Amino acid sequence: MTLDLSTLRADTPACANLAHFNNAGASLMPMPVYTAMTVHLAREQAVGGYEAQDEAAVAMADFYDAFAAMLNCDPLEIAFMESATRAWDAVFYALPLEPGDRVLVHRSTYSSNYLALLQLAQRKGLEIDLVPSDLHGQIDLDALPGLVRDSTKLILLTHCPSQSGLIQPAAAVGRFAKAHGLLYLLDACQSAGQMPLDVQAIGCDALTGTGRKFLRGPRGTGFLYMRRDLAEQLEPAMVDMQGAEWLAPDRYRLADGARRFETWERNVAGQIGLARAVRYALDVGLDAMAARVQTLAADLRTQLAAIPTVTVHDPGVQKSGIVTFSKSGVYVGAAKQTLRAQNINVSTVPQGSARLDMQERALPDMIRASVHAYNNAHDLARLVKAVRAL
Ligand SMILES: *Cc1c(COP(=O)(O)O)cnc(C)c1O
């Protein structure tokens with residue numbers, strides 16, 4: 001399958017003069033997403049928020065069907081969340097972990113996830129086992145079995161770290177987790193919308209992601225997948241009248257599947273917009289998307305590495321659309337501003353955003369340029385020229 005670049009760019013009006021390489025921060029919403037949201041906001045203004053929501057019942061319900069189609073699961077295994085972090089926390093804080101339980105985690109894990117792990121480890125007396133990296137910088141699959149003890153309960157993995165171009169071998173970790181009876185929570189924040197994700201093939205128990213990154217949905221939205229039988233064994237850390245039904249003064253019943261983790265109030269336009277974004281990604285085709293993103297990122301790495309003072313830092317056997325690099329003598333914060341003034345968007349990766357990973361790899365602060373399928377060779381040339389001039 002090949003994707004239609006001219007349609008992708010026509011759907012992304014800012015492409016005309018903006019070279020946007022911050023798709024791992026927040027991508028540009030395609031027109032169908034923007035339109036679905038603004039149409040809904042107009043209805044909220046015209047008829048009222050609750051009334052507009054009633055009218056939008058079909059579009060809202062499609063959120064669950066669209067994600068179920070994208071992830072190969074049941075719609076009841078999907079929950080709408082306000083962010084990927086809240087989705088991840090909903091799972092993590094509900095797991096029945098006890099003092100002395102051990103958690104396996106790789107250094108590339110996302111900062112907020114690791115902060116939550118540190119908090120619960122300190123509060124509950126959990127033990128954290130850091131899994132080493134292999135020669136390619138990915139989670140060392142050969143080291144994993146030797147780290148498992150009777151008290152090991154859980155493995156946490158970030159599929160595509162936000163601070164590097166690594167793609168972790170998520171399905172191999174799923175086979176390992178299954179073989180050892182471990183719960184497996186996958187942070188797919190950077191992979192969702194960038195590549196196909198099949199939760200059955202990956203073998204994770206729960207998977208979390210956000211709307212605004214490679215899925216090209218709106219800000220302030222996220223999603224949770226949780227295997228239904230696991231969800232129905234868990235008590236959410238917090239409940240409300242969406243996640244639970246008040247049956248009698250002293251009794252409540254939790255909602256089925258992953259829905260028990262939802263809260264009642266929500267950004268309705270956001271839910272509609274994210275559902276539309278998933279449909280858009282499915283229409284483009286996630287295999288074609290992954291192929292184009294990986295080709296563009298590989299091109300960009302080659303071109304940047306050809307600049308003598310630039311070092312590209314991405315580890316991994318297979319690499320994502322995230323390109324990280326530094327240039328000697330160049331302060332990354334200033335570089336970002338200089339590029340921004342030329343209508344080229346990148347972001348930066350400071351040490352505090354990925355301490356374990358960046359310490360292990362002895363990395364400087366980095367510039368992050370994340371490509372999406374709508375980027376073209378001209379965008380790349382603009383960025384490379386501007387980096388050379390820094
Ligand atoms: C951005 C990001 C998150 C957090 O997503 P939010 O929607 O901001 O909560 C989690 N994990 C990874 C890998 C990310 O890149």
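Just follow the structure's listing: the first ligand is 1, and inside any ligand the first atom is 1. Treat the numbers as computed from the prediction; the structure is a model and nothing was measured.
- In this structure, a donor-acceptor pair under 3.5 Å is absent between the side chains of S164 and D314.
- Within the 4.0 Å heavy-atom criterion, both parts of S83, backbone and side chain, lie near ligand 1.
- Taking any N or O of D187, backbone or side chain, at least one lies under 3.5 Å from an N or O belonging to ligand 1.
- With contacts defined as side-chain heavy-atom distances shorter than 4.5 Å, the pair M226/L234 qualifies.
- Using modelled atom types and a 3.5 Å distance limit, the side chains of S151 and R102 yield no donor-acceptor pair.
- Residue contacts with ligand 1 do not include R86, since none of its heavy atoms lies under 4.0 Å from the ligand.
- Looking from atom 9 (O) of ligand 1 to the surrounding protein, the closest heavy atom is T85 OG1, 2.5 Å.
- For atom 6 (P) of ligand 1, the choice among A24, A84, G222 with the nearest heavy atom turns out to be A84.
- Near S162, meaning under 4.0 Å from any of its heavy atoms, are these atoms of ligand 1: 15 (O).
- The shortest N or O to N or O distance between T210 and ligand 1 is under 3.5 Å.
- When the heavy atoms of Y110, W88, F214 are ranked by distance to atom 10 (C) of ligand 1, first place goes to Y110.
- Nearest to atom 2 (C) of ligand 1 by heavy-atom distance, out of Q163, K213, Q190, is K213.
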Evaluate side chain to side chain donor-acceptor pair (under 3.5 Å) for R212 paired with T210, printing each intermediate quantity in order. CA-CA 6 Å; R212 71 182 184 278; T210 203; 3.2 Å; yes

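- Using a 3.5 Å distance cut-off with no hydrogens or angles, the side chains of N345 and N22 do not pair a donor with an acceptor.
- Residue contact check: T158 has heavy atoms under 4.0 Å from atoms 13 (C) of ligand 1.
- R279 has its side chain within reach of D62: a pair of non-hydrogen atoms, C-beta onward, lies under 4.5 Å apart.
- Nearest protein neighbour of atom 8 (O) of ligand 1, counting heavy atoms only, is R212 NH2, 2.9 Å.
- With D379 as reference, R9 is the one residue of H20, H372, R9 to meet the side chain to side chain donor-acceptor pair (under 3.5 Å) rule.
- Cation-pi geometry between R355 and Y114 is not satisfied (NZ or CZ under 6.0 Å from the ring centre, within 45° of the ring normal).
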